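Residue numbers begin at 1 in each chain, while the letters A, B, ... track the order of the sequences. Predicted model only: the values in this text are computed from it and were never measured.
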Number of protein chains: 2
Amino acid sequence: MSQTVDRALSILPLLAEGPASLEQVATRLDVHKSTALRLLRTLHDHGLVYRQQDQRYRLGARLFALAQQAVEALDIRGIAHPHLAALNERTGHTVHLAVYEQGEVVYIDKVESRYPVRMYSRIGRPVAITVAAVAKLLLADLPEPERRAVAEGLDYPRYTPRSTPDAAAFLAELARVRDQGWACDLGGHEESINCVGAPLHGPDGRVCAAMSVSAPNVVVTAEELLRLRPLILRTAEAIGAELSGVAGPSSRAAAPAAASPSVTKGATR
Amino acid sequence: MSQTVDRALSILPLLAEGPASLEQVATRLDVHKSTALRLLRTLHDHGLVYRQQDQRYRLGARLFALAQQAVEALDIRGIAHPHLAALNERTGHTVHLAVYEQGEVVYIDKVESRYPVRMYSRIGRPVAITVAAVAKLLLADLPEPERRAVAEGLDYPRYTPRSTPDAAAFLAELARVRDQGWACDLGGHEESINCVGAPLHGPDGRVCAAMSVSAPNVVVTAEELLRLRPLILRTAEAIGAELSGVAGPSSRAAAPAAASPSVTKGATR
DNA sequence: CGAGACGTTGCACAATATGCAACGGCCATT
DNA sequence: AATGGCCGTTGCATATTGTGCAACGTCTCG
């Protein structure tokens with residue numbers, strides 16, 4: 001491991017706590033001022049560190065730009081797909097992946113239980129937003145005012161007697177979903193079809209997608225389907241971990257002791 | 001400048017474009033594979049880089065955690081205050097700083113006018129949200145559904161004949177404010193008081209605060225006050241730049257307003 | 001006006017990063 | 001099933017590169 005780079009990178013979490021002077025940095029790194037200066041200069045040249053008027057250092061804009069760019073470059077579908085396929089393999093049921101976009105919830109991937117070749121059949125189509133498990137999960141994570149605004153702007157078609165009847169009922173359901181961290185649709189869209197779904201958390205901790213497992217009553221009862229919940233949640237967490245880029249099976253020694261786990265909300269079970 | 005660190009940091013923007021293999025990194029850095037490997041390992045140990053199953057590298061979770069932590073540690077008031085004081089010095093008028101929080105807009109700083117006539121406002125107190133320039137600026141940047149939800153949930157007191165009359169008028173005003181990148185309140189709260197305000201953009205590009213200059217008619221006419229607009233906007237940009245940590249060669253996407261990129265003063269030497 | 005604190009510079013030394021060459025696993029091709 | 005090529009990984013000798021030191025400059029405070 002490169003000592004120089006190691007030291008330089010150790011500066012970042014240090015500055016994340018708040019602005020620090022050259023000497024403070026040097027002291028906490030246990031190196032001489034001149035060394036710290038050169039490291040900080042290099043970080044500065046790359047925009048990762050910014051120098052205030054009072055000459056103290058802070059984290060810089062490039063850091064945010066990088067994080068943002070990385071999120072945008074994230075290929076949710078590509079990363080999730082193997083997991084979804086594995087889940088389909090184990091359960092045999094149809095697996096969906098969906099995202100929220102501009103007031104709509106759309107499927108972006110689907111693994112069909114019996115016809116793997118035709119699994120893109122309905123991708124891109126909007127979901128039955130008032131009843132689908134994935135829709136509930138995605139809407140439940142929106143900020144409160146937006147959530148209410150969307151809910152109140154929707155139609156509530158009575159697909160079945162179990163469909164969500166109105167905005168009030170929908171908002172109550174969203175609150176429940178938000179609390180429990182998973183969602184289901186038991187015959188709310190088509191009488192004989194049930195789904196169980198879980199949220200996918202992105203690097204920033206917010207729900208960036210949702211997945212669900214669907215099966216008709218004739219294959220498994222709702223009860224049996226709900227029994228898959230732990231498995232589904234575990235899959236969702238695994239995908240989330242991969243999206244966020246949490247260290248996998250690599251445990252190298254000699255890392256600075258302060259390497260604490262992510263500070264993102266939610267997924268910390 | 002430290003060559004080793006320089007090379008290591010050059011990897012980050014490269015990975016921000018998307019996942020890359022060891023060899024791709026080595027090639028683009030123009031170093032040998034073994035060197036690139038060591039650099040990547042160091043980055044990995046610090047969590048800035050994540051290794052996918054296919055062994056390609058991506059930016060890691062720690063980057064997001066750092067960015068988030070840095071935003072939270074930002075002391076908007078502390079950074080803005082000198083600029084606000086300078087603006088007050090030049091204009092002589094009252095300068096306000098405000099943020100949006102949970103459906104309310106509150107003042108978090110204020111530099112009093114040097115004229116005897118002062119206006120009523122207090123730090124920590126909610127702003128007259130339907131008319132104040134800072135409120136318009138902050139609400140105008142909210143996502144559309146939330147903005148509408150908030151606007152429709154408000155009361156519209158007729159402080160004066162020029163007060164915003166209803167939600168429709170308010171939303172129209174917000175749209176205008178959003179487009180033009182500044183806001184004013186001409187006698188909407190108190191008959192004889194005018195304000196001109198500008199938004200403060202945070203590191204993530206969103207409006208994180210707003211500032212305004214206020215003066216009573218008896219001191220300056222509305223026209224004269226509006227003439228201060230360029231100065232106010234420049235101040236707001238300067239604060240924004242400092243909040244973001246101005247970077248050297250990084251070209252940030254500017255706000256949708258036609259505002260030309262800020263002129264960064266010479267290298268800090 | 002002087003003392004102290006803090007950031008900055010140039011330099012000599014050796015510690016540290018570098019490139020090389022060889023190894024090993026994996027996949028696709030024959 | 002065998003083989004060649006691709007890619008990541010390792011150990012090592014070399015000298016490039018980073019390091020600590022001491023002195024200087026500047027600013028603030030007593």
- [ ] State whether B:Thr35 places a side-chain N or O below 4.0 Å from either non-bridging phosphate oxygen (OP1 or OP2) of C:dG19.
- [x] yes

Task: Nearest-nucleotide comparison on DNA chain C, the residue closer to the 5′ end among A:Arg41 and A:Arg7 - done: A:Arg41

Open item on the list: Could you check whether any side-chain N or O of A:Arg56 sits under 3.5 Å from a backbone N or O of A:Gly18, counting only pairs where one atom can act as donor and the other as acceptor?
Closed with: no

Task: Five-pair end axes of the helix from C:dC1-D:dG30 to C:dA14-D:dT17, angle between them (10°) - done: 0°

Task: Phosphate OP1/OP2 of D:dC7: any B:Ser21 side-chain N/O under 4.0 Å - done: no

Task: Side-chain donor/acceptor of B:Thr4 to backbone N/O of A:Thr4, under 3.5 Å - done: no

TODO: Take the protein atom CG of A:Leu22 and the nucleotide atom P of C:dT8, then report the distance between them rounded to whole Å.
DONE: 7 Å

Open item on the list: I need the CG-P distance between A:Leu37 and D:dT19, as an integer number of Å.
Closed with: 12 Å

- [ ] Check the pair A:His201 / A:Ser244 against side chain to side chain contact (heavy atoms under 4.5 Å, CB included), numbers first and verdict last.
- [x] CA-CA 8 Å; A:His201 293 273; A:Ser244 303; 5.9 Å; no

Task: Rounded interatomic separation in angstrom, taking CG from A:Leu39 and P from C:dT16 - done: 13 Å

Task: Donor-acceptor pair, side chain of B:Asn88 and main chain of B:Thr94, under 3.5 angstrom - done: no

- [ ] Find the distance B:Gln55:CD to D:dT9:P and express it as a whole number of Å.
- [x] 6 Å

Task: Heavy-atom donor-acceptor pair, B:Arg51 side chain to B:Arg41 backbone, under 3.5 Å - done: no

Open item on the list: Under 4.0 Å, heavy atoms only, any strand: does A:Ser2 hit a base, just the sugar-phosphate, or nothing?
Closed with: sugar-phosphate

TODO: State, with a plain yes or no, whether a side-chain heavy atom of B:Glu242 is found less than 4.5 Å away from one of A:Tyr50.
DONE: yes

- [ ] Please report, rounded to the nearest Å, how far the P atom of C:dC6 is from the CG atom of A:Leu40.
- [x] 16 Å

Open item on the list: Without decimals, in angstroms, what is the distance between B:Lys33 NZ and C:dG25 C1'?
Closed with: 13 Å

TODO: Check whether any side-chain nitrogen or oxygen of A:Arg38 sits under 4.0 Å from OP1 or OP2 of D:dT17, and answer yes or no.
DONE: no

- [ ] Check whether any side-chain N or O of A:Gln3 sits under 4.0 Å from OP1 or OP2 of C:dT16, and answer yes or no.
- [x] yes

Open item on the list: Any side-chain N or O of B:Arg51 below 4.0 angstrom from OP1/OP2 of D:dT9?
Closed with: yes

TODO: Please determine if a side-chain N or O atom of B:Thr4 lies less than 4.0 Å away from the OP1 or OP2 oxygen of D:dT17.
DONE: no

TODO: Return the value, rounded to whole Å, for the distance between atom CG of A:Leu29 and atom P of D:dG20.
DONE: 10 Å

Task: B:Asp204 side-chain N/O to A:Phe64 backbone N/O, donor-acceptor pair under 3.5 Å - done: no

Open item on the list: Among D:dG8, C:dG10, C:dG19, which nucleotide has an atom closest to any side-chain atom of A:Ser34?
Closed with: C:dG10

Task: Spacing between B:Glu23 atom CD and C:dC26 atom C1', to the nearest angstrom - done: 15 Å

Task: Under 3.5 Å donor-acceptor, B:Ser113 side chain and B:Gly92 backbone - done: yes

- [ ] Check whether any side-chain N or O of B:Arg56 sits under 4.0 Å from OP1 or OP2 of D:dC7, and answer yes or no.
- [x] no

